[in-house]
Amino acid sequence: MFSTTSQLKARFDKAFTAAFGESASGTDPMLTAASNPNFGDFQCNAAMSLGKKLGKSPRIIAQTIIDNLDIADICETPEIAGPGFINLKLKPAYLEAEVRAIAIDPRLGISEIEAPQRIAIDFSSPNIAKEMHVGHLRSTIIGDAIARILEFLGHDVIRINHIGDWGTQFGMLIAYLREVHPEALTTADALDLGDLVAFYRQAKQRFDADETFKETARQEVVKLQAGAEDTRRAWKLLCDQSRREFQVIYNLLDIKLTERGESFYNPLLPAVVEDLTNLGLLVESDGAKCVFVDGFTNKEGEPLPLIVQKTDGGYNYATTDLAAIRYRIKEDGAKRIIYVTDSGQANHFAQVFAVARKANWIPEDVEIVHVPFGLVCGEDGKRLKTRSGDAVRLQDLLDEAIVRTRADLEKRLAAEERQETEEFIANVSQVVGLSAVKYADLSQNRASNYVFSYDKMLALQGNTAPYMLYAYVRVQGIRRKGGIDFDNLDAGAKVILESDAELVLAKHLLQLNEVISSVDGDLLPNRICQYLFELSQKFNQFFEQCPVLKAEEPLRSSRLVLCDLTARTLKLGLELLGIQVLERM
């Protein structure tokens with residue numbers, strides 16, 4: 001189904017051609033939402049630009065456009081304002097028909113995209129032998145939301161978890177555990193992951209201070225790469241233990257991923273170096289093999305190399321990322337590759353992409369994009385950390401959200417003298433707590449830092465998950481109170497839009513298609529959050545001003561259609577953000 005904006009643009013294009021000839025076809029109508037509702041719903045600003053081009057008064061151009069514009073089935077008679085603005089007001093009859101059409105459509109009027117792509121999304125990506133911390137929150141949640149939205153639109157999405165499961169850190173950890181806790185290298189779960197993290201830190205300190213230990217660790221890496229049985233077994237035990245811990249969080253957040261860690265690409269790294277050598281792109285610099293690309297310099301303004309093979313012959317993140325690009329294009333057949341990582345990695349990926357393009361590894365029909373995001377900050381505006389200065393464990397952060405939600409819920413139940421089962425309390429606490437964390441993150445422009453505040457994200461008012469969930473629950477309350485079966489509402493029930501509140505709600509419901517389609521292009525999930533927040537506000541105003549169950553027919557059925565459509569829209573929008581709804585709170 002075409003959005004209202006799309007329909008109007010098509011009509012304007014025909015008008016431009018009819019009025020000014022084929023050369024005017026494709027002219028941007030500069031259609032925007034009216035700045036003042038008193039002026040209508042949309043405003044066309046094309047007359048000014050066409051006036052300059054054709055050497056005529058914009059008001060004359062505007063009138064000529066209107067004379068050739070066929071929109072009587074959509075809008076009231078257009079009006080010219082100011083120097084040549086064309087104001088448009090949607091007809092209630094058009095709105096009623098459109099609302100009815102999307103109300104009977106399981107996809108709420110959102111068609112699958114005409115040219116779906118295979119898209120690889122690289123997100124989450126924690127490191128083995130380390131616990132997931134608050135820094136993984138944004139990549140995991142933003143990546144999942146983008147994947148859900150693109151999947152809903154019909155794209156074939158590969159969700160890739162590029163975990164850190166290879167390299168020097170494993171030689172370092174295995175060498176240290178051989179000394180202090182050898183059973184951890186032969187027995188599954190001999191250590192808690194928290195203890196493993198502590199040993200990793202001690203191993204790193206030892207590695208940095210002790211040259212003998214550093215050499216021992218390097219030899220373990222060599223053994224790992226060579227496939228030595230005991231080192232490989234130890235490596236696998238450590239990886240399996242970390243995976244199980246990661247999965248607890250992924251299950252809690254309802255995140256689905258396909259793991260392809262650094263080790264997956266390890267056999268492909270020599271070919272990366274060989275091909276770059278054959279292309280004449282590799283340059284030796286201080287013993288390392290590098291690629292220089294124009295436009296990348298260090299702080300001193302000197303050319304900045306991308307190191308592909310280190311002086312000791314080892315590989316690094318850049319080598320793995322280059323191998324991953326080649327694999328995702330050649331083997332996966334991806335036409336779009338999306339990397340969801342923090343803004344601090346922007347330069348790294350820009351350089352990797354530039355090298356891949358210089359090597360002609362990225363075909364013209366393949367798009368590669370870095371989706372950067374800002375920091376999660378504490379109340380002091382700095383990176384969120386524990387009092388000891390460590391990164392906050394993601395599990396602790398999520399648990400705290402659930403605990404606080406439960407405390408608020410139990411306090412409210414006591415005030416209302418309302419009895420609920422333990423199962424109800426536990427479920428609502430978990431759903432609302434996790435939803436609040438997700439929504440607080442996704443509602444921000446991802447490129448910005450944001451302050452993590454339980455009080456703000458759990459608030460029942462404002463742009464929060466609880467506010468959205470309550471709007472949905474309010475509709476379910478209408479259903480229960482009236483004994484309404486929304487699935488079997490009268491299929492012939494008309495939509496009648498009489499009051500301002502009904503018209504405002506209907507117009508907003510019709511914008512969902514445009515909002516979701518826009519995220520396909522700019523990958524900004526916060527657009528959906530803002531849409532849902534405004535929808536909840538407009539529905540609450542409608543609910544307060546327009547009786548539903550007490551209204552006489554046919555107005556009662558019409559308002560029930562609006563209620564049901566609002567709830568379904570909220571549910572779909574929240575599901576695309578990875579947020580579950582509740583029937584009661």
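Owing to the predicted nature of the structure, the values given are computational and were not obtained by experimental measurement. Numbers here simply count residues along the sequence, with the first being 1.
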Inset, instruction - Report the distance from atom CD1 of Ile160 to atom OH of Tyr327, rounding to the nearest 0.5 Å. - result: 9.0 Å
Legend entry - Donor-acceptor pair between His181 and Asp195 side chains, under 3.5 angstrom: no
Inset, instruction - Determine whether the side chains of Gln537 and Gln541 contain a donor N or O and an acceptor N or O closer than 3.5 Å. - result: no
Legend entry - Polar side-chain atom of Arg232 near backbone of Leu224 as donor-acceptor pair, under 3.5 Å: yes
Inset, instruction - Say whether Asn161 and Tyr250, considering side chains only, have a donor N or O and an acceptor N or O under 3.5 Å apart. - result: yes
Legend entry - Carboxylate-amine/guanidinium proximity below 4.0 Å for Lys204 and Asp208: yes
Inset, instruction - Without swapping roles, check the side chain of Gln444 against the backbone of Ala440 for a donor-acceptor pair under 3.5 Å. - result: yes
Inset, instruction - Examine Tyr265 together with His162 and report whether their ring centres are nearer than 6.0 Å. - result: yes
Inset, instruction - For Lys310, look at atom NZ and say whether over 12 heavy atoms of other residues, nucleotides or ligands are found less than 6.0 Å away. - result: yes
Inset, instruction - Mark yes when over 12 heavy atoms from residues, nucleotides or ligands other than Glu331 sit less than 6.0 Å from its CD; otherwise mark no. - result: yes
Inset, instruction - Answer yes or no: is there a donor N or O on one side and an acceptor on the other, between the side chain of His136 and the main chain of Ser124, under 3.5 Å? - result: no
Inset, instruction - Kindly determine whether Gln219 and Glu215 satisfy side chain to side chain donor-acceptor pair (under 3.5 Å), including the steps that lead there. - result: CA-CA 6 Å; Gln219 290 305 312; Glu215 182 56 32; 2.8 Å; yes
Legend entry - Exercise: identify the closest heavy-atom pair between His370 and Thr341: NE2-OG1, 2.6 Å
Inset, instruction - Answer yes when Glu151 and Arg148 have at least one side-chain N-carboxylate O distance shorter than 4.0 Å, and no when they do not. - result: no
Legend entry - Gln530 side chain to Glu534 side chain, donor-acceptor N/O pair below 3.5 angstrom: yes
Inset, instruction - Indicate whether the side chain of Tyr454 and that of Asp408 have a donor and an acceptor atom separated by less than 3.5 Å. - result: no
Inset, instruction - Compute the ring centroids of Tyr531 and His508, then answer whether they are less than 6.0 Å apart. - result: yes
Inset, instruction - With Arg107 as the cation and Phe152 as the aromatic partner, state whether NZ or CZ is under 6.0 Å from the six-membered ring centre and within 45° of the axis. - result: yes
Inset, instruction - Supply the atom-to-atom distance Phe373 CZ to Asn449 CG, rounded to the nearest 0.5 angstrom. - result: 11.0 Å
Legend entry - salt bridge (charged side-chain N to carboxylate O under 4.0 Å, His left out) between Arg206 and Glu179, intermediate numbers included: CA-CA 12 Å; Arg206 180 90 173 273; Glu179 294 182 9; 2.9 Å; yes
Inset, instruction - Could you walk me through whether Asp520 and Ser517 pass side chain to side chain donor-acceptor pair (under 3.5 Å), step by step? - result: CA-CA 5 Å; Asp520 183 23; Ser517 296; over 6 Å; no
Inset, instruction - Indicate yes or no for a side-chain donor-acceptor contact from Arg446 to the backbone of Pro372 under 3.5 Å, with no hydrogens or angles considered. - result: yes
Legend entry - Side-chain donor or acceptor of Gln169 paired with backbone N/O of Ala129 under 3.5 Å: no
Legend entry - Spacing of CD1 belonging to Ile146 relative to CZ belonging to Arg159, to within rounding of 0.5 Å: 11.0 Å
Legend entry - Heavy-atom closest pair, residues Asp312 and Gly314: OD1-N, 2.9 Å
Inset, instruction - Could you check if a side-chain atom of Ile110 sits within less than 4.5 angstrom of a side-chain atom of Leu572, using non-hydrogen atoms only? - result: yes
Inset, instruction - Find the distance between CD (Glu400) and OG1 (Thr405) and round it off to the nearest 0.5 Å. - result: 9.5 Å
Legend entry - Contact summary for Asn463 and Cys529, nearest pair of heavy atoms: OD1-O, 4.0 Å
Legend entry - Euclidean distance, Arg527 CZ relative to Ser443 OG, rounded to 0.5 Å: 14.0 Å
Legend entry - Close side-chain approach of Asp321 and His348, heavy atoms under 4.5 Å: yes
Inset, instruction - Answer yes or no: are there more than 12 heavy-atom neighbours, outside Leu185 itself, under 6.0 Å from its atom CG? - result: yes
Inset, instruction - Mark yes or no for whether Thr187, through its side chain, and Ala190, through its backbone, hold a donor-acceptor pair below 3.5 Å. - result: no
Inset, instruction - Give, for atom CD of Glu131 and atom CD of Gln395, the distance between the pair rounded to the nearest 0.5 Å. - result: 9.5 Å
Legend entry - Under 3.5 Å donor-acceptor, Lys438 side chain and Gly578 backbone: yes
Legend entry - Asp165 (side chain) donor-acceptor with Glu262 (main chain) under 3.5 angstrom: yes
Inset, instruction - Answer yes if the ring centres of Phe353 and Tyr339 are under 6.0 angstrom apart, and no otherwise. - result: yes
Inset, instruction - Taking Thr464 for its side chain and Ala459 for its backbone only, find out whether a donor-acceptor pair lies under 3.5 Å. - result: yes
Inset, instruction - Please check if the side chain of Asp144 supplies one atom and the backbone of Thr140 the other of a donor-acceptor pair under 3.5 Å. - result: no
